[in-house]
Every structure is written in structure tokens, then in C-alpha cells.
Amino acid sequence: ALEQEGKEVVVFHTVGSGGEAMEEMIQNEDVHAVIDLSLHELIDHHFGGDYDAGPDRGCAALNKGIPAIISPGNIDFLVSGPFKTTKERFPGRIYHIHNAAITTIRTRKREVEFIAATIAGFCNNAKGPAGVIIPSEGFSAFDRIGGPFYDPDAVKVFIRTIKNELSPKIPLRIVPCHINDPEFSAAVIDLLKSIAGSR
């Protein structure tokens, strides 16, 4: 949708180095807006996952005053290595074996709550327009009906925490669909246009 409007879109993969590269580009280049749809690098930083992009992941656009849309994509899991070592590092958790080298671990509700409060704090200190958008039917491909990490109660924890912690000056939209649904993409674009205006 953005490309059809003549925008140049750059995509970063949230694997630690990808998030770091995105933050660096935002700081150093003429970026007009940021849509941040995957924040599990923050989860990994705070709770020991492998895809750690540092404590300020997600802050560059907000600190620079660039219009930013923030969504809790992929905060339902941490990323770790092979299953055997993952079980030793994170005992007693819910796991999903992505492949021989990567295992994902379902986040606990207290971890979801912590990240929600962290995101709210980042947005509350934004120097420019920001908006938060939440897909209420799941945060990742794993977090949907029938998926290994489906947990609607964890989504409710995130929504409740954001509502309590986010400044009323920051637009908050809760969309009744899954993060991978086309309706959610359309809602993200609408919110970006709403906060960015002519910018």
C-alpha cells in the first residue's frame, strides 16, 4: 500500500542485528516514518533470548520525532538455540521447535506485562507523533487459534497494561483481528496517516 503511494519502503528482520541496523538507519538517514511490527528483540533483551538488539530497541524514531507506529508483534515468544540447550536455559516453559538451530519459547504473562509497560514508557516520551496499534486476536503466526503459543489471556494482559500506562495523548487502537490479517495492515496504514498528516 505504501509503495503504491510512491513511498520507498525498507524492511528489517528482527534478528538482533536487523533491529540494530534499523535503529542506526533511523538515526542517521532521512527516514519519514517507522512502522514497528515486531518487538521480540525487546523481549529477548530483557529475558535472555538470542535476538537481542539492546535496551533502546524501538526508541530511535520516537527520540528523533519521526512519526512512528508501534505494535506488539512477536512479543509472545523469545528466541533461543537448539531444543536441548533451550530446555536447559529455559526449563518448564512452552516451546516450539522452529528448526534444528532455533527454538522459540512462549513468554509468560509477567513478561508480556513488563514489555507493555516498557513500550508505553517509550511512547510517552516520544518527541513526535506516535501511535500504538494492537491486534486483539494474536501477536504472531504462533499466537492464533490452533497455534503453539495461542494465549488470549496474555493478549488481555498486554491490552490492560497499555491502557493503564499509555498517555491519553498517544492514539491507541485495538483491532479485532490477527496481526497477519489484511484488515490489520489496513488499520496500520490508516493510523500512520492519522498521526503523520501531511508529513
Side-chain angles (χ1 to χ4, degrees), residues 12 14 16 19 22-23 34-63 66-80 90 93-94 96 104-145 147-181 184-185 187-188 191-192 194-195:
F12 294 87
T14 50
M22 183 185 77
E23 300 287 310
V34 172
I35 300 174
D36 207 340
L37 297 176
S38 179
L39 291 174
H40 73 87
E41 288 167 320
L42 268 179
I43 285 280
D44 279 16
H45 171 75
H46 288 286
F47 300 108
D50 289 353
Y51 291 170
D52 180 356
D56 297 325
R57 168 69 179 84
C59 291
L62 300 170
N63 292 341
I66 297 169
I69 303 299
I70 311 296
S71 182
N74 301 321
I75 66 151
D76 53 298
F77 61 87
L78 295 100
V79 178
S80 187
F90 301 93
R93 303 289 287 262
I94 299 172
H96 174 71
T104 52
I105 306 112
R106 171 70 227 195
T107 47
R108 292 174 169 149
K109 291 179 181 63
R110 62 175 179 81
E111 295 165 344
V112 169
E113 182 180 32
F114 177 87
I115 290 300
T118 300
I119 292 168
F122 287 171
C123 292
N124 291 345
N125 292 316
K127 295 179 180 177
V132 176
I133 187 165
I134 303 171
S136 65
E137 300 301 314
F139 293 166
S140 80
F142 304 138
D143 181 25
R144 68 185 318 152
I145 295 175
F149 293 160
Y150 180 60
D151 186 351
D153 289 336
V155 172
K156 292 175 183 176
V157 167
F158 186 93
I159 292 172
R160 182 179 68 245
T161 305
I162 278 285
K163 284 182 173 180
N164 289 339
E165 301 287 340
L166 190 67
S167 167
K169 297 178 182 178
I170 306 293
L172 171 63
R173 291 193 185 169
I174 300 169
V175 185
C177 61
H178 186 267
I179 194 167
N180 289 333
D181 289 341
F184 185 71
S185 299
V188 167
L191 181 56
L192 177 62
S194 174
I195 70 162

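Put simply, the side chain of D36 never gets that close to the backbone of A68: no donor and acceptor are under 3.5 Å apart. Judged by distance alone, the side chain of T104 and the main-chain N or O of H96 form a donor-acceptor pair under 3.5 Å. Formation of a donor-acceptor pair under 3.5 Å by the T14 side chain with backbone atoms of E41 is not found in this model. In this structure a side-chain-to-backbone donor-acceptor pair under 3.5 Å is present from S71 to I133. Judged by distance alone, the side chain of H178 and the main-chain N or O of F184 form no donor-acceptor pair under 3.5 Å. E23 places no side-chain N or O within 3.5 Å of a backbone atom of R57 that could act as its donor or acceptor partner.
Side-chain contact check for C123 versus K169: every heavy-atom pair is 4.5 Å or farther apart. Between V175 and P135 the shortest side-chain heavy-atom distance does not fall below 4.5 Å. I75 has its side chain out of reach of E111: every pair of non-hydrogen atoms, C-beta onward, lies at least 4.5 Å apart. A 4.5 Å side-chain heavy-atom check between P148 and I94 finds every atom pair outside the cut-off. Side-chain contact between L42 and F122 is present, with heavy atoms from C-beta onward closer than 4.5 Å. Taking 4.5 Å as the limit, some side-chain heavy atom of R93 sits within range of a side-chain heavy atom of L78. The side-chain heavy atoms of R106 and Y150, taken from C-beta on, include no pair separated by under 4.5 Å.
Here the CD1 atom belonging to I195 is positioned 3.5 Å from the CD1 atom belonging to I69, to the nearest 0.5 angstrom. From I43, atom CD1 reaches atom CG of D52 across 11.5 Å, with rounding to the nearest 0.5 Å. To the nearest 0.5 Å, the span separating OG1 on T161 from CD on E113 amounts to 4.5 Å. Separation of atoms CZ (F149) and OG1 (T107) is listed at 8.0 Å; rounding is to 0.5 Å. With rounding to the nearest 0.5 Å, the separation of CD1 in I70 from CD1 in I170 is 10.0 Å. With rounding to the nearest 0.5 angstrom, the CG atom of N125 is 9.0 Å from the CG atom of L62.
In this structure, V188 and L37 approach most closely via the heavy-atom pair CG2-CD2, 4.2 Å. Closest heavy-atom contact between S136 and I174: CB-CG2, 3.9 Å. Across V132 and L191, no two heavy atoms sit closer than the pair O-CD2, 4.0 Å. Here the shortest heavy-atom pairing between L172 and I134 reads CD1-CD1, 3.8 Å. Nearest heavy atoms, F158 versus P72: CZ-CB, 3.4 Å.
Looking only at atom types and distance, the side chain of S140 has a donor-acceptor partner in the side chain of D76 under 3.5 Å away. There is no side-chain donor-acceptor pair under 3.5 Å between N74 and H40.
We find that K156 and E137 are not joined by a salt bridge, their nearest charged nitrogen and carboxylate oxygen being 4.0 Å or further apart. For the pair D181 and R144, the salt-bridge criterion is met [side-chain N within less than 4.0 Å of a carboxylate O].
Checked against F114 for a side-chain contact (heavy atoms from CB on, under 4.5 Å), the options H46, R108, K109 give a single hit: H46.
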- prompt: Can F77 and F139 be said to form a ring pair (Phe, Tyr, Trp, His ring centres under 6.0 Å), step by step?
  reply: CA-CA 10 Å; F77 61 87; F139 293 166; over 10 Å; no
